[in-house]
Q: 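The following block contains the structure, expressed as structure tokens.
Quick note: numbers below take in every heavy atom, side chains included, and nothing from hydrogens, waters or symmetry partners.
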Amino acid sequence: MKVVGLVSGGKDSCFAMMKCLEYGHEVVALANLLPANDSVDELDSYMYQTVGHQIVVSYANCMGLPLFRRKIQGSTRRHDLSYNKTTGDEVEDMYILLKEVKKQIPSIAAVSSGAIASDYQRLRVENVCSRLGLVSLAYLWKLDQSMLLQQMIDTGIVAITVKVAAIGLDPSKHLGKEMSHLWPHLLKLNELYGSNICGEGGEYETLTLDCPLFKYARIVLDEFQLVLHDSNSIAPVGILHPLAFHCEDKLPSASVSDVNRTSGFCPENMGSVIDVQTESLEIVEENSHTSAVALDLAQLENPKLHISKTTKENTFSISCWLQDSTKVSVSDDLKIILTKIESQLNEAGFSWENVVYIHLYISDMNMFSIANETYVNFITQEKCRFGVPSRSTIEVPLLQVGLGNAYVEVLVANDQSKKVLHVQSISSWAPSCIGPYSQATLHKEILHMAGQLGLDPPTMSLCDGGPVSELEQALINSEAIAKSFNCSISTSAILFVIYCSKSTSPLDRISMQEKHNEILNQIKPLNLKYNHLSGVLNPVFLYVLVPDLPKRAFVEVKPVLFVEEDTDTEEVVNDHDMSDLKHEVNPFDSCFQPEKWHDECLQKCVVHGRICAAVLSITTEVADKICSSIGDNLIVTAEEKLEQIAKFCLYRLDKALSQNYFSWDDVMNLRIYFPASSNISHETLSLIIQSKFDEFSEKTKKVKTCEEPVFNIVPVISAGGSATSMDDIITCELFARKS
């Protein structure tokens with residue numbers, strides 16, 4: 001991509017541009033914001049570094065690139081971490097600046113920034129990029145600061161301090177010093193006081209005088225003045241005010257680039273400085289990227305449109321699908337489904353901002369981009385004030401079982417306590433989420449992570465090496481996201497759902513399972529060392545074989561993790577720790593006598609008695625045992641067999657809940673997978689399971705009688721509790737949490 005580099009003059013923005021080149025991008029222009037008053041060195045800004053702005057003008061000549069500059073007219077009007085367009089805010093100056101850059105160089109597709117740890121700055125750059133249809137590149141994001149500064153020095157960045165404001169940094173001693181000179185001292189301050197080695201906490205600011213990007217000249221600072229802003233004896237504040245400088249030409253070398261020939265910018269303007277002062281902050285306008293969704297509400301009464309809901313009051317799921325849809329477009333089906341879900345949310349007094357997670361199932365991954373266009377018309381950042389929901393998108397054989405082209409399940413919370421991690425910038429940290437879907441959402445101690453592909457974060461391409469390599473990278477990405485919430489997939493995972501493409505072989509899937517276990521065992525000791533609060537969980541595993549995945553990936557990993565809110569808790573309970581608790585026999589399950597294989601077909605993870613995840617696998621062998629244990633010789637049809645299996649599933653899941661002091665009112669979602677090759681329609685299976693739920697409700701009074709099912713059924717190629725056994729007739733995935 002062709003890139004405009006946001007430059008402050010500091011080391012970070014320069015190194016970020018160097019990383020852009022490393023990953024194959026072209027930097028074709030520079031953009032800088034400076035104080036409206038030339039005599040002012042520093043603004044009271046959370047957003048911009050302006051100390052040394054007098055010298056930044058020379059970057060155009062040093063790099064041979066056009067430099068667009070705008071004097072800052074706005075101020076900090078919005079102090080929240082999140083940002084939306086705000087009249088008079090200093091962020092709107094960046095919008096106007098980059099809008100002009102894009103106007104003059106239409107080929108520009110991305111913006112580079114030097115953000116390392118500041119969510120405040122990153123989110124604002126992402127907001128502006130999103131509004132302008134540009135990609136945010138933040139290749140320094142979340143990198144280890146010690147290693148990062150060492151890399152900057154090693155690669156030839158010559159930067160001096162132009163501001164110091166931290167304990168251990170003395171303006172008279174440390175201003176004007178090169179980073180290579182200060183490096184050992186900064187490491188010592190980090191050890192003594194926890195100071196940010198790269199100055200991310202405002203400890204110091206730098207000015208780059210030379211670096212590999214400066215192909216034509218280096219900057220020489222001839223004269224400067226030290227200005228003391230605060231003589232505090234503990235952490236004095238001082239800045240370096242440049243008085244005189246010049247550019248020293250470098251020896252002739254190969255052209256900086258040939259971007260002037262292809263970027264749409266005139267060659268004679270290379271190295272020029274363009275002032276951008278044409279727009280007032282009061283009249284910043286932009287075209288909306290969302291379009292109104294017109295739909296006849298009568299379609300919502302379509303008898304082919306179905307929903308299911310769980311009954312938990314504070315966190316529940318809604319699923320919606322079309323039976324025997326006559327639509328040929330995923331867009332049409334999805335529009336009807338999302339409109340129906342939106343109406344259900346509104347009827348309950350909620351909106352999209354209450355949605356925590358979305359499962360998007362489509363009939364053909366070739367329609368993914370079309371489905372996404374429809375999706376973003378409903379779920380927008382404007383509608384989700386507290387962050388957009390996380391999402392997984394999977395192709396499943398919907399048409400084969402008599403469904404439409406789309407099927408959507410949403411997890412809804414009745415409060416606004418969710419915490420959303422949404423990084424839209426491309427970085428080396430983890431895959432970006434460009435659009436209204438986030439990496440992870442934390443709600444009530446449960447971290448719902450978006451489905452992770454084996455993407456190389458800085459390139460956003462699937463890694464080479466096949467299914468096992470993709471699985472490894474997906475887990476690395478998952479761990480990076482988990483660390484942002486102070487937890488680990490090795491110690492805090494409650495459940496792993498591993499979606500495998502049909503293009504993987506049985507041997508591939510077994511190798512992936514072995515690699516999965518190997519990676520968890522490798523990173524577990526390191527996380528135990530840092531005493532993650534959740535202790536160590538033994539997660540539940542579910543393997544699902546599907547026709548296709550986004551980007552034609554071999555595998556997608558969807559972890560669900562536990563993130564503890566406090567330290568005063570009970571011990572973690574796993575597997576069979578509570579299996580000796582008495583399960584009250586009722587008329588519904590009196591025909592099932594407890595046997596060892598009842599436990600062998602169930603995985604469960606119970607956390608602090610508050611969260612319960614369970615996967616129940618009904619293989620052909622287990623199904624035969626179920627039918628033989630009933631002793632009914634009249635079972636002759638596939639449907640009659642499924643009736644008994646459904647009854648056993650309810651019996652076994654109810655036992656798992658009650659033995660651990662959970663009730664059906666605690667169930668957030670109950671997902672039932674079945675192979676599309678079983679030659680039974682989605683509608684028929686739904687009716688069979690619903691009839692057993694009705695019977696269970698009547699005999700036990702444990703489940704509320706509702707108009708809609710409390711479960712949702714997902715057709716797949718196959719599923720199972722391990723990669724070696726993915727031939728279940730039925731697989732149940734249950735998740736419950738006590739209020």
Q: Taking the side chain from Thr206 and the backbone from Thr161, do they hold a donor-acceptor pair closer than 3.5 Å?
A: no

Q: Going by distance alone, is a donor N or O of one side chain under 3.5 Å from an acceptor N or O of the other, for Asn61 and Ser58?
A: no

Q: Cut-off 3.5 Å, side chains only: do Glu556 and Ser392 have a donor facing an acceptor?
A: no

Q: So, Asp80 side chain and Ser82 main chain: donor-acceptor pair closer than 3.5 Å or not?
A: no

Q: Look at Glu92 together with Lys99 and state whether they make a salt bridge at an N to O cut-off of under 4.0 Å.
A: no

Q: If I compare all heavy atoms of Leu338 with all of Tyr375, which pair ends up nearest, and what's the gap?
A: CD1-CA, 4.1 Å

Q: Any chance the side chains of Asn32 and His53 put a donor and an acceptor closer than 3.5 Å?
A: no

Q: In terms of side-chain geometry, is the basic nitrogen of Asp93 or Arg70 positioned less than 4.0 Å from the acidic oxygen of its partner?
A: yes

Q: Any luck finding a side-chain donor-acceptor pair between Glu373 and Asn377 under 3.5 Å?
A: no

Q: Under a 3.5 Å cutoff, is there a donor and acceptor pairing between the side chains of His359 and Lys558?
A: yes

Q: Does one side chain, of Thr76 or Arg78, offer a donor that lies under 3.5 Å from an acceptor on the other?
A: no

Q: With respect to Glu203, which candidate in Asn196, Val164, Leu186 satisfies the side-chain contact (heavy atoms from CB on, under 4.5 Å) definition?
A: Asn196

Q: Using 30° and 60° as the class limits, which term best fits the ring planes of Tyr46 and His79: parallel, tilted or perpendicular?
A: perpendicular

Q: Answer with yes or no after comparing the ring centroid distance for Tyr139 and Phe15 against a 6.0 Å cut-off, counting only values under it.
A: no

Q: Can you confirm whether the side chains of Gln424 and Ser432 place a donor and an acceptor under 3.5 Å from each other?
A: no

Q: One pair to check against salt bridge (charged side-chain N to carboxylate O under 4.0 Å, His left out): Asp41 and Lys163. What are the steps and the verdict?
A: CA-CA 10 Å; Asp41 285 295; Lys163 178 183 177 181; over 6 Å; no

Q: Does Arg131 make a cation-pi contact with Tyr95 (under 6.0 Å, within 45 degrees of the axis)?
A: yes

Q: Using modelled atom types and a 3.5 Å cut-off, is there a donor and acceptor pairing between side-chain atoms of Asp548 and backbone atoms of Glu395?
A: no

Q: Output yes when Lys250 and Asp210 qualify as a salt bridge under the 4.0 Å nitrogen-oxygen rule, no when they do not.
A: yes

